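No experiment lies behind these values; they were computed from the predicted model shown. One-based numbering, in listed order, for ligands and for the atoms of each.
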Amino acid sequence: MTILTAGIGDKYELVVGLEVHAQLSTLSKSFSSDSAAFGAGPNQHINPVSLGHPGTLPRLNKKAVEYAVKMGLACNCTINLRNTFARKNYFYADLPKGYQITQDQMPICLGGSVLVRLADGVTKNIAIHHIHMEEDAGKSMHDQHHADSLIDLNRAGVPLIEIVTEPDMRSSEEAGQFLSEIRKLVRYLDVCDGNMEEGSLRCDANISVRLKGQTKYGNRCEVKNLNSIRNVQRAIEHEFERQVNIIENGGHIDQNTLNFNADTGETSVLRSKEMANDYRYFPEPDLTPLALNQEYLDKILKDMPTLPNALYKKYTTELGLSDYDAGVITADKDFAHYFETLITYTDNYKAATNWLMGAVKSHLNDHNSSIKDLHLKPETLAGLIKMVDSGQINNSTASHKLFPALLKNEGKSAEQMAAELNLLISSDNNDVSRFIQDAIAKFPDKVKEYQKGKKGVLGLFMGEIMKSSKGKIDPQKTNQLLIKELEAK
Ligand code: ADP
Ligand code: MG
């Protein structure tokens, strides 16, 4: 039996702080004009600045600053108007300069918080310690060649922001939700593609445990370079159990840097705690401090899109959507954007939600595509909703016939398409009664059963009428007329 299944884990509290690196989607690098694009051949994007040749000088990328400020504002941080850069010195083959330019004493953002929603409906604010800007190092590949390590310097100098939280998270769920919120924000703001598999978003997790009720934090371990939300959560769960086990057996937690093995789900020691002054940070002599002003911040704030949390509030309060629906719609920026446009064309929010969460989502899933590529304009979908609402077409015909036809005929309005396919409900009572008469004539014995009190046969008549009319009837009205006819027999 493990410590946790024995219930001993219940005595302990988990404490987690995250350091999240987001690669900014600027066109060029932090301090040079090299392309910052991902996916080029090895060492294609390397000019003398990226290579750190003697005599080259860094020049700050304006866009990187703007993106960092955007993220800071979205996380409710205070933006530092006076920024300084620092050198973080270390030797590694993928760091030709021998140092990374980063921020130390005066980072771009201070404080702030991010709201996370947990499965039980509880919300919690996770405090941010600070966000700083830095440049990425190159990439070392140790598994591409049988004897040598290979170096690709395309990534050297690509701009990053590092979001450092306070040790505020108390479960792997909270950590996962925090990361998912950060990914949502960078995508809404268009400052990073948020792709964890490709390494645009990376996370180090600092994990410690302490006895419940204790105020002092325990010694922490830092698990490096986790490349999916799932793995962050697995590493946290593994560490909790490992650390509790050690303490319960009278041991002591050493403040180590750990590696996570996704195959085994276990952590191992990468290196023991470096001394605090290991990196010998000092002010970057080649860059002057960066001075921002309020006017600049106001301009960025003015151009910021509505953020997921504000949309969520609007959907659950003003539009009456369920927490679940609002959560799904706001999870993806493009999805939310589509919905926002859709509700400018229809005020049947419930129907708009149902169509989006049902037919549209399953179409996208089936085709493994994004809503950005959907061949159905929001105004066309709104037109379809209007036709159902006004009884021109019934729901089932709308989803089984009109919706698929509209997907294939981009540019046609719902009304045009319905008329072309002859799907409109006949408003003529004579037409409806012809279908009713035919059905009654076809099943005389069922008519008798109905008269003997077997009301269940109504379904059979309705099915027959639906079939023969090809769904072009108003089911409610027809049902009433059918009952009238049967009672009159
Ligand atoms: P350093 O600068 O040495 O990396 P910091 O004190 O700035 O250390 O913390 C880095 C990260 O570790 C932050 O996200 C912080 O919340 C987290 N952290 C600090 N102490 C603990 C702890 N005892 N348990 C869990 N996380 C911690
Ligand atoms: Mg750290």
- Task: Output the list of atoms in ligand 1 that are nearer than 4.0 Å to some heavy atom of V164, sorted by atom number.
- Result: 13 (C), 14 (O)
- Message: Please determine whether the number of non-hydrogen atoms from other residues, nucleotides or ligands lying under 6.0 Å from atom NZ of K124 exceeds 12.
- Response: yes
- Query: So which of T165, D278, I126 gets nearest to atom 15 (C) of ligand 1, if we judge by its closest heavy atom?
  - Reply: T165
- Of all the atoms in ligand 1, which lie at a distance below 4.0 Å from a heavy atom belonging to G218? 23 (N)
- Just say parallel, tilted or perpendicular for the rings of H132 and H130, cut-offs at 30° and 60°. parallel
- Check each of V15, D204, D168, L14 against atom 25 (C) of ligand 1 and report the one with the nearest heavy atom. V15
- Task: Would you kindly specify which portion of L18 sits under 4.0 Å from ligand 1, judged on non-hydrogen atoms: side chain, backbone, both or neither?
- Result: backbone
- Note on the structure: Within 4.0 Å of some non-hydrogen atom of Y217, the atoms of ligand 1 are 23 (N)
- Query: Do other residues, nucleotides or ligands put more than 12 heavy atoms under 6.0 Å from the NZ atom of K302?
  - Reply: no
- Query: Considering all heavy atoms of both residues, which atom of N231 and which atom of N227 are nearest to each other, and what is their separation?
  - Reply: ND2-OD1, 3.3 Å
- Note on the structure: Taking every heavy atom of A352 against every heavy atom of I385, the minimum-distance pair comes out as CA-CD1, 3.8 Å
- Query: Can you list the ligand 1 atoms lying under 4.0 Å from a non-hydrogen atom of P167?
  - Reply: 16 (O), 26 (N), 27 (C)
- Message: Taking distance alone, with N or O pairs closer than 3.5 Å, would you say R220 contacts ligand 1?
- Response: yes
- Task: Considering the heavy atoms of E166, write down every atom of ligand 1 situated less than 4.0 Å from one of them.
- Result: 16 (O)
- Message: Check the orientation of F403 and W355. Use parallel for under 30°, tilted for 30 to 60°, and perpendicular for over 60°.
- Response: tilted
- Distance-only side-chain donor-acceptor flag, D298 / Q294, under 3.5 Å: yes
- Which is it for E222 and ligand 1 at heavy atoms under 4.0 Å: side chain, backbone, both or neither? neither
